[in-house]
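Structure first, then comments.
For the numbers below, each heavy atom of this structure counts, side chains included, while hydrogens, waters and symmetry mates do not.
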Amino acid sequence: MPTSKSTSNSIPFSIILLLLLPFLLRLEASDPNSETIADDNEDLEDIEQLIAVDEEEDLQQQAQHGSLGSTKVLSKAQRIVLELNHDNTKKTLDGNQFVLVLGYTPWCPRSAELMPHFAEAANLLKELGSPVLMAKLDAERYPKMASLLDIKGYPTVLLFINGTSQPYTGGFTAEDIVIWARKKTGQPVVRLSSVAEAEYFLKKHNLFALAYFDQFEGAQYEEFVKAAVADNEVQFVETDSVEIAELLFPDIKPTNPFLALVKSEPERYTIFDSPFQSDGILQFLEYNKFPLVTLLTELNSMKVYSSPVKHQVYIFGDVDELKVLREPLQEIARKFKSKILILYVDIREENLAKPFLTLLGLEESEDIVVAAFDNKIGTKYLLASDPIPVNIEEFCSGLLQGTLAPYFKSQPVPDNVSASVISSSSG
């Protein structure tokens, strides 16, 4: 087990901001500049002819690893995304009310990671009859067009409404992109009027806020819609049918109004039991939208870092150790729901794990590391005992109660080499 590097001074907790800065600055956007491009006389009626399959090698490999069916779906989705160039960029933006543009470069790994999700979102939006046109621009190949759209970092996602841009502020899965795009183009709430619609909706969404109203009017309904417009990540759905509400939330006890958060994970249903006010609804979603145990990824890291849940516990290990710990950690997480965010970080994902481990002086560690951060007061903690469930639960309790001793990089690191993650269970 490597030991921490000795230093005469403790390292300020704020250094984590510097360590994580490259991962926080994902999307940048601003209004397009005033430079104009000469229009050609091509007709946009044949826009399908301009749609091209993405030729990037990384994405082809990703498609080949899946089944034949998934390969066809990805290929179809890629064809729906319009490839912008010198000739069609300005005409596309001027000729369409809503255009969601992905600025990318072939060499950017984050662009390659986002591209298939963007393409899948394009396919879903087309199925839903959305007016949003999805487009992409190779900023390396067309630097003048990238400058025109004010694309400076990669990937950059911008929504153009009647030619004017606004930055993308949603998540990075296909579902996230679809939800954000629909909300920003006039569809903040999905209304379900039939069982068939509800069944289809349930297949397509992993996370949503369900509301039941006798009538879609009144002050409480207005607060619900206000929250739906303000939120960028959770799909809001409404119904006035008890049958439909029960399909989406089987244990519902319909009151008027009723609101709950539904997730596709062990903690599936969470009921909202506060006054029906938009601020309260938004806070409820922010504190409950994460899974019981969240695997930190490039796609969700920004959400995690900006979460209002300031007590966060990170378990660093490999995926096999996660499989052993998953159920015990979920049981622990239930006891601290909405108070502590419990995350698992695969140590093989260096872009995610190394900044934290470096902050702890454990960048070379190959053993399980359990650390906590109180982002409200800027303090970090390290589990000194074996990383078994009962000790992790006690560690979480100490974090909430304020009884943990802060950890400084100059301190000796606990030796957990021989620890077994299954030697005890949480009580």
Side-chain angles (χ1 to χ4, degrees), residues 1-24 290 293-296 301 304-318 321-322 325 328-329 332-333 335-336 339-421 423-424 426:
M1 175 77 179
T3 58
S4 62
K5 300 176 182 177
S6 178
T7 179
S8 58
N9 297 309
S10 62
I11 295 182
F13 181 77
S14 59
I15 287 181
I16 194 170
L17 295 178
L18 296 176
L19 293 169
L20 297 175
L21 190 58
F23 314 114
L24 294 173
F290 284 101
V293 179
T294 300
L295 177 65
L296 189 68
S301 57
V304 170
Y305 302 148
S306 62
S307 171
V309 182
K310 299 305 180 184
H311 292 109
Q312 299 185 357
V313 173
Y314 290 73
I315 296 93
F316 301 89
D318 63 36
E321 291 166 333
L322 172 59
L325 275 172
L329 286 176
I332 294 171
K335 299 176 182 180
F336 301 100
K339 298 177 181 178
I340 295 179
L341 196 58
I342 296 182
L343 303 115
Y344 200 95
V345 187
D346 187 347
I347 57 174
R348 295 175 300 180
E349 297 289 338
E350 288 196 357
N351 285 349
L352 297 170
K354 195 167 184 178
F356 289 100
L357 295 176
T358 299
L359 185 66
L360 297 166
L362 300 172
E363 55 267 40
E364 302 301 325
S365 175
E366 295 182 357
D367 305 304
I368 295 176
V369 173
V370 181
F373 298 91
D374 185 336
N375 295 330
K376 188 174 183 179
I377 61 176
T379 308
K380 60 184 183 293
Y381 310 90
L382 188 68
L383 178 65
S385 55
D386 291 344
I388 57 178
V390 65
N391 290 340
I392 296 175
E393 182 175 338
E394 290 177 358
F395 186 63
C396 291
S397 295
L399 177 64
L400 276 187
Q401 297 168 8
T403 58
L404 297 181
Y407 173 76
F408 301 103
K409 192 174 179 180
S410 58
Q411 291 179 223
V413 177
D415 184 357
N416 293 328
V417 175
S418 61
S420 168
V421 298
S423 60
S424 178
S426 58

Can you label the angle between the Y305 ring and the F356 ring as parallel, tilted or perpendicular, going by 30° and 60°?
tilted
Distance col, row K335:NZ vs S397:OG, nearest 0.5 angstrom, shows 8.5 Å
Here the gap from N391 atom CG to S385 atom OG, rounded to the nearest 0.5 Å, amounts to 3.5 Å
- request: Return yes if some donor-acceptor pair links the side-chain N/O of E321 with the main-chain N/O of D318 below 3.5 Å, else return no.
  value: yes
Rounding to 0.5 Å, atoms CG (L352) and CG (D346) come to a distance of 9.0 Å
Is atom NZ of K310 surrounded by more than 12 heavy atoms (other residues, nucleotides or ligands) closer than 6.0 Å?
yes
Check your understanding: Checking Q312 side chain against V304 main chain: does a donor-acceptor pair fall under 3.5 Å?
Key -> yes
Here the gap from F395 atom CZ to T403 atom OG1, rounded to the nearest 0.5 Å, amounts to 10.0 Å
In this structure, OG1 of T294 is separated from CG of L329 (nearest 0.5 Å) by 11.0 Å
Exactly one of L296, L362, V370, V369 clears side-chain contact (heavy atoms from CB on, under 4.5 Å) with F316, and that residue is V369
Output for pair (L383 CG, I392 CD1), nearest 0.5 Å, gives 6.5 Å
Backbone of V345 reached by a side-chain donor or acceptor of Y314 within 3.5 Å
no
Point to revise | Heavy-atom side-chain contact between L343 and F290 under 4.5 Å | key: no
Shortest non-hydrogen pair, I332 vs P389, comes out as CD1-O, 3.4 Å
